[in-house]
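Some notes on the structure that comes next.
Values reported hereafter were calculated over all heavy atoms of this structure, with side chains retained and with hydrogens, waters and symmetry mates removed. Chain naming here is simple, since letters A, B, ... match the order of the sequence lines and numbering starts at 1 in each.
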There are 2 protein chains.
Amino acid sequence: MISEAEYLDSYDPSRFPSPLVTVDSVLFSLHQQTLCVLLVERASQPQQGRWGLPGGFIDMAQDSSTRATALRKLTEKTGVSPSWLEQLDTFSGPDRDPRGWSLTVAWYALISWVACAPHIVSVSDAKWVPVAELNERELAFDHGEIIHAALRRLRQKTMYSLLPVYCLPETFTQSQLQEATEIILGQPIQRKSLIRRFEASGMFEETGESVATGARKARLWRRKADVDIHLFSRNLLADS
Amino acid sequence: MISEAEYLDSYDPSRFPSPLVTVDSVLFSLHQQTLCVLLVERASQPQQGRWGLPGGFIDMAQDSSTRATALRKLTEKTGVSPSWLEQLDTFSGPDRDPRGWSLTVAWYALISWVACAPHIVSVSDAKWVPVAELNERELAFDHGEIIHAALRRLRQKTMYSLLPVYCLPETFTQSQLQEATEIILGQPIQRKSLIRRFEASGMFEETGESVATGARKARLWRRKADVDIHLFSRNLLADS
DNA sequence: ACAATAGTGTCTATAAGACAATATATT
DNA sequence: AATATATTGTCTTATAGACACTATTGT
């Protein structure tokens, strides 16, 4: 029997075959009344030329976790950090990547479109695609499935939290939050229910400003600093 | 520019350094009015002799996904497949394993104690530990944290589903389900609320049998075949 | 009959759904 | 003033909480 120190001295990490490990993210945003996902064109093999999720390999020298990898890759593409980033699931198996047995840690994220639009339009290999148009596209690997899983999770969580606020700019009106929620859920919701939650959540504060959208001015709000997302104990739209 | 076929021909998977990838599972069960977790004693380095979660490396020749790896490892230890198995999260970073940058795909699972007790007692390197006693133990790696995350998820999901039923034997009484739920949540619940959910879920059917526990006989139930878990749109214990 | 556990009835409390009513801008 | 959007009021509905009540079995 050897000690742990001796064992580690002689440990050779390349001795055991290992699956191909990647980190991929589904970044959602709202643009022109539609829910969009960020796709990037694959610059190299395999599946060169196909569009897929932003992501890639873990940089073990830099990344302190797969969250760091996801953040690094998203920031490279968008120029900013997402407002919300949460682990979705991992997807694995021998057939999902032609190079062999692979595993991807999938994250999903939300960002305000205005926060990253300028950067995205300046790079040619990334673009926002409305989720409704995804079926027509042949995506790389199993990225279509990953996006669908992320969409289910986004919609589910929207039912018991105010997650859509992370798609809005720093300051926003209650009507914008309602619109974002309705676009994500794909159906109208009761404004009164939303406002009740908005107040009960304790997540927001008024900026003191207001803004006009053609008629009566609406108050502007922002997320309080360092206040976590509030989860409700009931779902919206529980019967529909 | 080369074709994908040419690229794959010359692809060498060992060219890029890769994190150490494992799959670990938190298997819950109920025994003597306590919620327990299955721990195994590490037979080899690193952290030899410490207790940790059942798990290990992916066998790329056998496993069709990390779910298959988790199932394989749990079946080795318990002799049976868990009734419930769901992905929890992945845990990753340069410091969680002394061998270097590592990633574990963590699953959580539920099983009836009677279903696997005979097998467990016959192997000396596995045992059930009440969750209340975990704080006193020094577990391998970050397995203590993983168990706590699994426990949070188990309790959360118990609030909006009848998940505890997967800890019960094949046939069971409503009182057993109530007891299991109360043990997991750590507090009493309203029997009436549970029964309402039980009926609304559509998950169960009577066996026709009943069983006596000292007084009036209780009806026995089983899960309907191929019926998925039902998720409710409100939580139990929402105010407490 | 009594004790003990199984199972039901029903009233209250909470938060969502529905939608009417009022308020404040702009023109 | 008319119109449009913002914001609030309040009645209804659905389901959980509380807890009393009835049912069935063993002694």
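Between the side chains of A/T207 and A/R219, no donor N or O sits under 3.5 Å from an acceptor N or O. Looking at B/T104 and B/T22, their side chains do bring a donor and an acceptor atom within 3.5 Å of each other.
Protein atom CD of A/E209 is 17 Å distant from nucleotide atom P of D/dA6, rounded to whole Å. Straight-line distance from the CZ atom of A/F198 to the C1' atom of D/dA6: 13 Å, rounded to whole Å. Summarising the geometry, the separation between CD1 on A/I195 and P on C/dA18 is reported as 16 Å, rounded to the nearest angstrom. Spacing between atom CD of B/Q190 and atom P of C/dT8 amounts to 16 Å, rounded to whole angstrom units. Summarising the geometry, the separation between CZ on A/R191 and P on C/dA21 is reported as 19 Å, rounded to the nearest angstrom. Atoms CD (B/Q178) and P (D/dG17) sit 12 Å apart, rounded to a whole Å. Regarding A/N235, its CG atom lies at a distance of 12 Å from the P atom of D/dA16, rounded to whole Å. Rounded to whole angstrom, the span from the CD atom of A/Q187 across to the C1' atom of C/dA16 amounts to 14 Å.
Residue-level contact check: A/L236 touches the backbone only, with heavy atoms under 4.0 Å from sugar-phosphate atoms and none from bases. No engagement by A/S233 is indicated, since no non-hydrogen atom pair under 4.0 Å with the nucleic acid exists. B/A218 comes within 4.0 angstrom of sugar-phosphate atoms only, judged by non-hydrogen atoms across all strands, and of no base. Within 4.0 Å of B/L237, counting heavy atoms only, lie sugar-phosphate atoms of the nucleic acid but no base atom. Residue B/T173 is classed as having no contact, given no heavy-atom separation below 4.0 Å to the nucleic acid. Within the 4.0 angstrom heavy-atom criterion, only backbone atoms of the sugar-phosphate kind lie near B/R197; the bases stay farther away.
Geometrically, A/K73 does not engage A/W107 in a cation-pi contact, judged by NZ or CZ lying under 6.0 Å from the ring centre and within 45° of the ring axis.
Side-chain atoms of A/R216 and base atoms of D/dA4 include no donor and acceptor less than 3.5 Å apart. Counting distance only, with no hydrogens placed and no angle test, the side-chain atoms of B/R196 and the base atoms of D/dG17 include a donor-acceptor pair under 3.5 Å. Side-chain atoms of B/K192 and base atoms of C/dG7 include no donor and acceptor less than 3.5 Å apart. The base of D/dA6 does not come close enough to the side chain of A/R219 for any donor and acceptor atom to sit less than 3.5 Å apart.
Using a 4.0 Å cut-off between charged side-chain N and carboxylate O, A/R153 and A/D89 make no salt bridge.
Nearest-nucleotide mapping onto DNA chain C: of B/R234 and B/T213, the residue sitting toward the 5' end is B/T213. Taking for each of B/A238 and B/A215 the nucleotide of DNA chain D with the nearest heavy atom, the 5'-most of the two is the partner of B/A238.
Considering B/L139, B/L151, B/V129, B/I147 in turn, B/I147 is the only one that fulfils the side-chain contact (heavy atoms from CB on, under 4.5 Å) rule with B/V37.
Applying the 4.0 Å criterion to OP1 and OP2 of D/dA6, one finds that A/Q174 has every side-chain N and O outside that range.
Among the nucleotides C/dA16, D/dA16, C/dC19, the one closest to any side-chain atom of B/S193 is D/dA16.
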Exercise. For salt bridge (Lys or Arg N to Asp or Glu O under 4.0 Å), just list the numbers for B/R222 and B/E205, CA-CA rounded to whole Å, side-chain angles, deciding distance to a tenth of an Å, and then say yes or no.
Key: CA-CA 6 Å; B/R222 73 164 77 83; B/E205 62 191 7; 3.3 Å; yes
